[in-house]
Amino acid sequence: MAVKPSKADKKIAYDAKLCQLLDEYTQILIAAADNVGSNQLQNIRKGLRGDSVVLMGKNTMMKRSVRMHAEKTGNQAFLNLIPLLQGNVGLIFTKGDLKEVSEEVAKYKVGAPARVGLVAPIDVVVPPGNTGLDPSQTSFFQVLNIPTKINKGTVEIITPVELIKKGEKVGSSEAALLAKLGIRPFSYGLVVLSVYDNGSVFSPEVLDLTEDDLIEKFATGVSMVTALSLAISYPTLAAAPHMFINGYKNVLAVAVATEYSFPQADKVKEYLADPSKFAVAAAPVAAAGGGAAPAAAPAEEEKKPEPEEESDDDMGFSLFD
């Protein structure tokens with residue numbers, strides 16, 4: 001006959017298992033397990049079997065094991081788990097993709113009836129239609145102020161009714177009515193609250209970020225760095241192109257306003273001296289875009305400026321792009 005292990009032996013075995021998992025896995029999902037039954041939890045374990053392990057336990061025991069293991073190994077990153085062990089939570093150790101594991105966990109939700117005293121996680125709306133109940137059951141609807149009518153010997157709800165709001169406790173009348181209607185409004189399963197990845201802790205919403213979201217956030221950060229650098233005249237890699245362009249514009253403005261000149265400024269002065277040449281420059285652009293060239297363009301085609309030794313392309317960009 002097998003000897004039943006004592007509580008002390010169970011604690012020692014649990015501590016050893018938790019420490020082993022901490023050493024073996026660097027990724028952990030902290031999940032709330034409120035209203036999750038043992039059969040449901042067993043199905044979740046089966047679904048995650050292969051690259052993930054689900055470990056449940058008392059918070060005090062888990063905190064003690066994590067704290068002692070951090071001191072023993074010198075890895076203080078484990079201590080970041082301790083503040084997360086609040087409420088009815090479990091640990092999902094995994095070596096797989098965090099997003100895929102989180103989505104797999106979310107699949108194992110089961111419908112549950114509205115029990116008295118339970119806090120509603122969502123709004124509960126009773127849809128209109130025939131309930132199949134006989135007229136003697138109208139008292140339930142009257143107590144809850146639900147408009148009904150008798151249709152072919154059964155009670156029919158006229159309009160949709162918001163029976164319970166999210167965050168409210170389920171009353172006895174609401175629970176009895178939902179039970180009579182056969183409505184199981186709630187669904188429960190493991191809900192990922194936080195993600196631990198090699199010492200870093202972040203919200204599970206981060207797992208839903210796509211590459212486009214990351215690129216957008218990176219571009220926003222670069223824009224902020226550029227704006228700050230330009231405002232305080234501090235050169236950075238992001239602001240350098242803008243600083244060069246702004247400097248070139250300043251030099252060009254000085255050249256236009258004075259007798260000082262250089263090849264690129266000569267071309268600008270030429271256009272300013274004879275504005276009709278703008279039409280000549282705009283004609284090819286308008287033709288490429290499918291639009292009509294300005295009326296003055298054909299008359300000026302014979303007066304195209306002679307090519308210069310150096311053009312604005314020498315600077316690596318065009319002033320009139």
Is [Y] reachable from [X] through a run of I, L, V, M, F, W or Y residues, each pair having side-chain heavy atoms under 4.5 Å apart?
{"X": "Leu214", "Y": "Leu98", "value": "yes"}
{"X": "Met56", "Y": "Val53", "value": "no"}
{"X": "Ile12", "Y": "Met61", "value": "no"}
{"X": "Tyr25", "Y": "Val89", "value": "yes"}
{"X": "Leu55", "Y": "Leu22", "value": "yes"}

Nearest-0.5 Å distance that lies between atom [atom1] in [X] and atom [atom2] in [Y]:
{"X": "Gln137", "Y": "Leu181", "atom1": "CD", "atom2": "CG", "result": "10.0 Å"}
{"X": "Ile183", "Y": "Leu177", "atom1": "CD1", "atom2": "CG", "result": "7.0 Å"}
{"X": "Leu84", "Y": "Asn59", "atom1": "CG", "atom2": "CG", "result": "11.0 Å"}
{"X": "Ile30", "Y": "Leu81", "atom1": "CD1", "atom2": "CG", "result": "5.5 Å"}
{"X": "Asp15", "Y": "Met62", "atom1": "CG", "atom2": "CE", "result": "12.5 Å"}
{"X": "Ile44", "Y": "Lys109", "atom1": "CD1", "atom2": "NZ", "result": "10.5 Å"}

Residue pairs passing the ring pair (Phe, Tyr, Trp, His ring centres under 6.0 Å) test where at least one lies in residues 44-88, sequence neighbours excluded: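 For residues 44-88, and leaving out neighbouring residues, the ring pair (Phe, Tyr, Trp, His ring centres under 6.0 Å) pairs sorted by first residue read His69-Phe78.
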
Results of side chain to side chain donor-acceptor pair (under 3.5 Å) for [X] - residues two or more places apart only:
{"X": "Glu104", "value": "Lys107, Tyr108"}
{"X": "Asn43", "value": "none"}
{"X": "Arg67", "value": "none"}
{"X": "Asn88", "value": "none"}

All side-chain contact (heavy atoms from CB on, under 4.5 Å) counterparts of Lys217, not counting sequence neighbours: Leu209

By side-chain contact (heavy atoms from CB on, under 4.5 Å), which residues pair with Gln76, not counting sequence neighbours?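 Testing Gln76 for side-chain contact (heavy atoms from CB on, under 4.5 Å), a comparison that skips the adjacent residues, returns Leu79.
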
Looking at side-chain heavy atoms only, is the closest gap between [X] and [Y] below 4.5 Å?
{"X": "Ile164", "Y": "Leu178", "value": "yes"}
{"X": "Phe141", "Y": "Val161", "value": "no"}
{"X": "Glu24", "Y": "Phe93", "value": "no"}

Sequence-distant partners of Lys99, salt bridge (Lys or Arg N to Asp or Glu O under 4.0 Å), two or more places apart: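 Scan of Lys99 (salt bridge (Lys or Arg N to Asp or Glu O under 4.0 Å), adjacent residues dropped) gives Glu103, Asp208.
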
Is the number of heavy atoms from other residues, nucleotides or ligands under 6.0 Å of [X] [atom1] greater than 12?
{"X": "Phe202", "atom1": "CZ", "answer": "yes"}
{"X": "Arg64", "atom1": "CZ", "answer": "no"}
{"X": "Lys63", "atom1": "NZ", "answer": "yes"}
{"X": "Glu211", "atom1": "CD", "answer": "no"}

Dump the intermediate steps for side chain to side chain contact (heavy atoms under 4.5 Å, CB included) on Lys46 and Gln42, then the final yes or no. CA-CA 6 Å; Lys46 290 180 180 179; Gln42 188 66 22; 4.1 Å; yes

Enumerate donor-acceptor pairs with a distance under 3.5 Å from any side-chain N or O in residues 185-201 to protein atoms, sequence neighbours excluded.
residue, atom, partner, partner atom, Å
Tyr196, OH, Gly199, N, 3.3

Can you name the closest pair of heavy atoms from [X] and [Y] and give their distance?
{"X": "Glu174", "Y": "Val170", "value": "CB-CG1, 4.3 Å"}
{"X": "Ser65", "Y": "Leu18", "value": "CB-CD2, 3.5 Å"}
{"X": "Val116", "Y": "Ala175", "value": "CG2-CB, 3.8 Å"}

Would Lys95 and Ser52 satisfy side chain to side chain contact (heavy atoms under 4.5 Å, CB included), going step by step from the backbone distance to the final call? CA-CA 6 Å; Lys95 293 181 179 178; Ser52 302; over 6 Å; no

Would you confirm whether Gln27, through its side chain, and Gly96, through its main-chain N or O, come within 3.5 Å as a donor-acceptor pair? yes

Let me have the donor-acceptor pairs involving side chains of residues 232-242, under 3.5 Å, with sequence neighbours excluded, atom names and distances please.
residue, atom, partner, partner atom, Å
Thr236, OG1, Ser229, OG, 3.0
Thr236, OG1, Ala239, N, 3.2

For residues 123-133, tabulate all N or O donor-acceptor pairs below 3.5 Å that involve a side-chain atom, not counting sequence neighbours.
residue, atom, partner, partner atom, Å
Asp123, OD1, Lys166, N, 2.6
Asn130, OD1, Gly132, N, 2.8
Asn130, OD1, Thr154, OG1, 3.1
Asn130, ND2, Thr154, OG1, 2.8
Thr131, OG1, Leu133, N, 3.3
Thr131, OG1, Val155, O, 2.7

Pair Val101, Leu48 - check side chain to side chain contact (heavy atoms under 4.5 Å, CB included), show working. CA-CA 8 Å; Val101 174; Leu48 297 177; 4.2 Å; yes

Show every side chain to side chain donor-acceptor pair (under 3.5 Å) that has at least one partner inside residues 249-260, sequence neighbours left out.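 Sorted result for residues 249-260: empty, none.
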
Run the side chain to side chain contact (heavy atoms under 4.5 Å, CB included) check on Ile158 and Ile146 step by step: do they pass? CA-CA 8 Å; Ile158 301 174; Ile146 299 177; over 6 Å; no

